Structure formats: structure tokens, C-alpha cells
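Here is the structure we will look at.
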Amino acid sequence: MRLGYMFKEAVRALLSRPVTVQSVTKGESVPVPERYRGMIEYDREACIGCLMCGKTCPTGTILNTEAHKVEFRMDRCVFCGACADICPKDAIKMSSKSEIITRDRKQLLVK
Amino acid sequence: MSEPKEIEFEYSRLVVPFGPIHPALKEPVHFKVTVRGEEILDVDLVLGHAHRGIELLAQERNILQNLYLTERICGICSHTHTTCYAQAIEEVKGIQIPERAAYLRALIFELERVHSHLLLLGVMAYEIGYDTLFMQIWNMREAVLDLFEEVTGNRVHHSMNVIGGVRWDLTPVMALRVSRVADGVEDAQRRIRTAFMDRTVKKRLVGVGVMSRADARASCLVGPTARASGLTMDVRKDDPYAAYSELKDDYSVVVSDGMDAMARVDVRVRELAESVNIIRAILGRLPPGEIRLKESPMRAVKVPEGEAVSRVEAPRGELIYYLRTDGNEGLRRLKVRTPSQANFAGIRQMMVGGELADVPVILASIDPCMSCTNRLTVVDEGAGRQMNVGLDELRRRRASTS
Amino acid sequence: MTLAVMFPGVFVLSLLYSGFDRKLHARMQRRVGPPLIQPFYDFVKLMNKERIIPAAASPSVFVTVTALAAASSMLGASVLMTNLVMEASFVGDIMLVMYLVLMTAALTMIGGSSSGNPYGAIGFSRRVGMLLGYEVPMLISLLIVSYRSGLTLSFYDMVAAQSIADVVLAFSPGAALASLVFALCIPAAAGVVPFDIPEAKTEVAYGYLIEYGGPYLGLLKLAKEVTNFTLSLLFFTLFIYAPQSFPVVSAYNEWVNLLFILVGALAVYMVTITLPRTLFARMKLGQALRFYVWVWALSLVSAGLVMVGY
Amino acid sequence: MPGIVERSRKKSPWLFHINTGSCNGCDIEIMASLAPRYDVERLGCVLVGSPKHADVLLVTGPVTRQMYPRLMNVYRQVPEPKAVVVVGSCATSGDVYAGSHVIEGPVDVNIPVDVYVVGCPPRPEAILKGVAEAVQKKFGG
């Protein structure tokens, strides 16, 4: 049972610092890049109610409300960014908030 | 385990349910392995657990929405599926994507091949109990995922493709990072190769799941599984797409005639090095210019009636899309033939004669993507009958359920 | 009386050793790894979970086996510890300890096969195969030690005999082979990755542990950890430890001496259980048995050498 | 005494992952949380191979018809006290596959769910925080 490569690797690992990013215990976190497609931010004023986003959304997340505005049911969203891409007024932006954790999925509504 | 256990009372033969929920499997597939002692006598394969009816759903969505549906057929090769779909639509519309977009598509394609191969090599080490190697390989893979997140905004579903080009451009800063990741992958490839030379690993992989060249051709295997049995087939060379026609001479197709699980692992390790060569060639010759055709999405959806077939070399093999458009924004039919579906044809032959301990190793060696391979064969557990469901029959059932 | 005191001592020590083992294993993979007292958390959590007995299993065997396995392994470890602490031992206690270790392995096998799950049956047959491989060479190496220390079967006389002898057993020519044989058998007895074929996670989904959950699983895991502790302690005291060969230590009172033994046993635990778990892939049953044929040969050779008089 | 039991339940939540027909994006992210960079073991979590050993059930994928009986079976096999964490948008609401005839509705139609980790796929860190949240909710006492 020749020791060889993995033994050297293990000893090198023992001597060097672990690679772990301690997210829950010590609050460290892997940096989120700026192009990350996270939670949707919806600018109500800029929106002119053209409902183009509702047509391209592949999952029916976007519901139009009575006042020519839109609301997003985020539990159905796939974060594909099609709505942000198509919006003529750039009212929809994808923020870099990546941790969306809830106990009740009805709350996930972006107005 | 959660299956009703069919223990045949003829003492020597024991039917062992392997799956659909099993620590070795990340995804649901079900083998009924008939065993005498440790030796496998027969394998009965039951697929369909991840069948989500995607081909039917594709007919209900418009062309742009289907981009995001086909992307979610498989989480490991999502860019592969969208490229194949986008090419087919562009063929029907008869449009040509800008040069830079073709190169960027090829770049993300190769990065996805690297990430998929690293994933498989890690899972293979995990199957044979070599946790340290699994940890190392998946640690190297994180660098590629960070790159995806930076360039396209999501680690797994990149949504990079749009009809008529690519959505995100590669800034010089990102290009620098890509070349650094490419060097990292090259170094990782060398270390993985020495790690798989270890004696205990060789004992588990050599001579397992043998598939001779003739059998491989007979059961029409594709991708690295076929290339490990001596068949030189690579869609990038045979039928070049995206920017591969210009990149023809920057890499060579990796073929080995080891014909066993070790050869399949070896082919994938060497393909990592080839992908690094391609990535460096792309970075070197990335042409300037537009990354997508300038047309509003409303006109992008208008696709004339027609049909198209497009082929792509996915990390697991040849992926074929056939689609027929119905002239006003929708699809009449979408047919997807995924590489894992072809590779599953040979699995029974590889397994019979082996030991029970080899089942996860052989399964990992063909690197199946279960979410890709779920077709319409509906196995009715209760009545025990098996029927292939035609499309009209499907519509009738859908009418009754919805 | 001291035997009763030893039970909690052994419980704490073996769980602590398992904590060290997981921490070192993680650190060798560049991971942070769980806190040292993680096995205690696991044990307390498991003992307070719902008891589920599968329908296909025979309930009486299924349940009693777990308690028996834990009890026998704990007894074996505490007998060993009391001899060390009290420096007295009855004749034949080595045989008792080895019997209890073997008993634990046998009980877990029976429990697995009684669970009515095909994987349990496969785990049973694989474990029988493994037992053939490592059990006999282990016993042979122990017999060699007793022969070298004047044909006694009592544990402490062996340790005392070594303290008179000039050189430590592990480095004297005849017995060196015996200690190598015992060291090679420990990973198999502990069920550690190169040889954890009976409970391979990815092949047979934990083999015989598959249908156990909650308190039963807690007891079985405890039995496994205590066995590992017993084996490493046995190896260190019999083969490496000799009071006079480490003069600095034995000058103090016997508490420091005991601490030195425990640290030594931990080192042995790390080398023979954590290291293979990190460095090697899992073998198949046939390959493992072929490996142990060599170990058999080695033990017979070392027995011959000792007989001849080395 | 009860303090110790609560604390040990919070400190050693064993995870069992069941894939009910997902695109395996989330499954890879769950496996990635084992990798050294995220290292789920430092929280005391171990990815176990049998539902009987588990405390927290990680469910991915819109429950397909073939996997529905198995999901119910596995849910019953996990001993009390247990928590269910749904990982990924398609398990939360069957997003892209909604309306397909083979989908038996998202996970919360079939089994009670404690925490939803939304994302397609959510990052490994989000999954770890989701597990920590579920453990706090169900075992927090």
C-alpha cells in the first residue's frame, strides 16, 4: 500500500489553514459578485404598466395589479432575469441578495 | 429501500433494490439487481422518476420562455441545452449570430465541460469511499463556479444564451480571471491524474464495467463513455457549431482503448487539459464587436414556421434537439435526445457479471444525468404493466387531470 | 468497585477519541471539521429520538442486540482500564477482552440480519467474510506476546514482564512482526474505510446499520467507538508501552503514568484508524481477503520466529 | 437535563437529502456544501444514507408522480423530532414545471414544510442558513 501522493497532500493540508468560509458560525461569507441575479427590486414609479415583463416571465411570477403596476410572487421566481432584460424603463433590477429563506412562502411578495 | 422488497425465496438469488433513493445516487433511478452472493446476475433498469413532462410544457410556452425551460432540463449541463435550443431556433429563422457571441458561447461551453468533468471525478471518488479526493476535487471546482457567478450571475443556470447571441459580455478583468482559472484547472488536472494512479483506486476501477469497442458501437454509446472504448466521435470536430469551426486545430479528441471504468475516468481527466487549451485559444482570439443581434424581443419571438435539428457535444456526449415551430411565437413539437439516454443502453451489459460493489462505480463511470433521461415510458407500479405513452394519449390524460 | 467507576470513564474517553478522529480527518482535508465533543452531542441526540422498529424485523432480537453490543464493548474496555489503574489482573483477562470485542462485532451482525432488509443480509455475509480475515491473525499476535512474557494470560503480568525485559516488544525482532500484524488488523476490526465493506455507505447503504435509528443507532455507534478505543489501548500497552523504557514518565506517581498511556493510545488511534480512513479508497471484499491472506502468513512467520527463540 | 437534550439536537442535525425529480442543480449545491469551502460538518451536520438516521429532511424537486409515494414513505421513516427543509424554487412552488400533468404539486402540498430556501439553485450558504433556521425552529424548544 504505497503511501505516495495523498500522504504528502494530507500533511500539506494539516500544516496549512483550512479553506472553509465559516458562514453560519462566524458570519463570514463568500463575496457575491455584482452581476449576481438575486432578489428582485421593483421601482414602482418608473414602471409604466406595459406588462411586457409578465409576458416573458417563464413561470408566471408576475401578476398585474389594478393600478397598472406589477407584483412579483417570489416563491415562483427562477431568477432568470428575463423581466429585467426586457423592461423598457429599467424598473426591475436584480439585487445581489442571495439568501431568501422564509418559513411561510406566501410572504415572498415584492410590491 | 422504500420499495416493497421482492425477496425471491429461492435462497441463492436475492433481488436487491438499488435506488430510487440511495446514498450513492444524487438522482432517482431504480435498478433491480438480481444477485447470487455478491455476483450480479441480472439488472432491471427503471427510469422515469425525474420525468416532468418538459416536452409537453415546451409546447405551451413561447419561444423566449422555452429558453429558460430547456435550461432546467439538467442542472450540470444547462448551457449545453440552451445553446442547442438557441441554435435550432436561429437555424429556423435563418439568422447568423455575431462572431464574438459564437466565441463567448464556446467559452462558457468549455468551462461547463470542465466543471461537469470535475464534478464526475469527485463523485467517482466519493462512490469508492475516497472522501479526501472528493473533497479536493470539489474544492478545485469552486474556482470555476465562482467564475460562472461572476460572468453570468448564477453558479449553475447561466441563462447566457438568447435567440441571436449572448446576454453578457466578457470584460478584460474577467478575461484575466478566466485565464487564471484555466491555469488553476491545468494544475488541478495534473494532481487529479496522480491521485487516480493510487493503488487502492486502481483496484476498484480497472477491469470494472468493461465495454468492448464493438459492443460500444452496437449499443451506440456517445461521449467520453464511447471514446473510452476506442470510438473517436466528437460533435465539435464532426459537425462544428458556435466557434468550433475556427478552433478546430487547437485541441485533439481524446481517445483511449482501456474499455473499462478506469479508461472512462482517464478520458475525462485528459479532456480537462484539452478544454483548457480551447479556453486559452478563445481568450487569445476573442474578436471585438456586438454580442447579440439588435432586435427587440417582440420581433425576436416572431419565428416563421419550420423545423430544425441541432447537435451539440455535451460533457456526457452528443445532445440532439429537434423542434418544429408553429409560426406564431410557439412550438408545435420539441424532441430532446440526451447523451445519458444513449449511454444507459449499455449499462446492463457493463453490470452483469460484476460484483454488487461495482454497481455505483459503473453507474458513476458513465456519468448519467438522470434528469436528462426521463422519457415517456410510464411504469404503472400497481398494475405492473408498462406502456409507452403516445402524444395524443398524453393530451387526453392531460385534459382529464387539469 | 473500580470497575463500576470505569464505565463512565471509558464512555467519555472513547467518545473523545472519536471526536479527535473526526477533527483530524477533517483537518487533513483542509476542512474545519466538527468540535471535539461532537460525538457527545450525537449520542445524546440519538438517545432522545423516536424508536422505530421495522415491520419486517423480529422485534425482540432487533432491540436486545443493540443493548448487548454496547454493554459487552463497554465491559471489555473497562476491564482493561481497571487492570491498568489497579495494576492487578486475574488470569485470562486478555481472552475476556478479545472475546468481548468479537462479541460486539457478532451482535451487530446479527442485529443487521434480523432487520429484514436485503442490505442487512448482505452486510451480515460481508462481515462474516471480514471476520475470517482479521480475527485469527489478531489472536495469534496476542499469543506471541503472552509467549514472550512467560506464558501468562493475565494482562498486567504481560506489561510487567515487558518492563523487566530490556527492549520494548514492538522493536524486538520476533514480536515486531506480531505488532505489525496487530496494527494491520485494527482498521478491519474498527470497520474503517479501506475495510469498511460491511457498512459501506455508497454501496450497501450502511449494511447492517440501515434499519437502525434513534437510540438503537446511538448504542451501536457507541459500541463501535468503544471497540476502537479498546483496540488502540490494547495495542499501545502491549506492544509499545514499558514503564522503564520511558524513565522520565514513570518517575512521577501513577496518574501521570496513566495519562501517558492514554495519550499514547490516542496516537495509535490516529495512526491506525484516522490515517487509513483519509488516505485510501474502499476495497472490495475479495481484495480485502486477499490482503489478509498476506497478514495471516506474516503472523505465522512471526510465530515461528518467536518459537525458534528470537 | 432538558437543556442538554435541546442543545445537542441543535448541535448535531443529521441531514437526509431526497431528490423528487429535480434538475439536480440544487442537489449539486447540497453536495457542494460538503466540500471544504462550506463544510457542513462543522455545524455537526452529516449527510446520512438512510432516512432512519436523519433529523432534517432536505427535499429538492417538484414532486413527480413516480417519486410521490417514495417521498411520503421516506417522510414517515424519519424519526421524530424532525424538520423538513425545502431547497430550490421548483420544490417551493413547482416554478417552471407548474401545470405539468406529472407533477403532484409542490412539496408543501404533500408534507408539512418548516423552512423554504428559495433560489434556482440557492447558494450553499443559503442552504446552510436554511438548515440552521429549521433547526432553530423545530429543535429550539
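Chain letters run A, B, ... following the sequence lines, proteins first, then strands; residues in each count from 1. None of these values were measured; they are calculated from a predicted model. Computation of the quantities below employed the complete heavy-atom set of this structure, encompassing side-chain atoms and omitting hydrogens, waters and symmetry-equivalent molecules.
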Side chain, backbone, both or neither: which part of [X] has an atom under 4.5 Å from a heavy atom of chain A?
{"X": "B/L133", "result": "both"}
{"X": "B/M135", "result": "neither"}
{"X": "B/N66", "result": "neither"}
{"X": "B/R155", "result": "neither"}

Point-to-point distance, once rounded to the nearest 0.5 Å, from [atom1] of [X] to [atom2] of [Y]:
{"X": "B/E149", "Y": "A/S96", "atom1": "CD", "atom2": "OG", "answer": "10.0 Å"}
{"X": "A/D85", "Y": "B/R292", "atom1": "CG", "atom2": "CZ", "answer": "5.0 Å"}
{"X": "A/R35", "Y": "B/M174", "atom1": "CZ", "atom2": "CE", "answer": "3.5 Å"}
{"X": "A/M6", "Y": "B/T194", "atom1": "CE", "atom2": "OG1", "answer": "8.5 Å"}

Determine the minimum heavy-atom distance between A/T56 and B/Q65, stating which atoms define it.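 Of all heavy-atom pairs spanning A/T56 and B/Q65, the closest is O-CG, 3.4 Å.
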
Counting only heavy atoms not in [X] (residues, nucleotides, ligands), do more than 12 fall under 6.0 Å from its [atom1]?
{"X": "A/K26", "atom1": "NZ", "value": "no"}
{"X": "A/K97", "atom1": "NZ", "value": "yes"}
{"X": "B/R177", "atom1": "CZ", "value": "no"}
{"X": "A/K93", "atom1": "NZ", "value": "yes"}

Report which part of [X] has an atom under 4.5 Å of a heavy atom belonging to chain B: side chain, backbone, both, or neither.
{"X": "A/M94", "result": "neither"}
{"X": "A/P58", "result": "both"}
{"X": "A/V19", "result": "side chain"}

Flag the pair A/Y5 / B/M197 as yes when at least one side-chain heavy-atom distance between them is below 4.5 Å, and no otherwise.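 In short, these two side chains do not touch, never coming nearer than 4.5 Å.
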
Heavy-atom pairs under 4.5 Å with chain A, option from B/N62, B/L69, B/V151 with the top count: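 Most pairs with chain A among the choices: B/V151.
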
If we define contacts as heavy-atom pairs under 4.5 Å, which of B/E142, B/Q136, B/H157 has the most with chain A?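 Max contact count across the listed options: B/Q136.
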
Any donor-acceptor pair under 3.5 Å linking the side chain of A/R37 with the backbone of B/H158?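 Present.
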
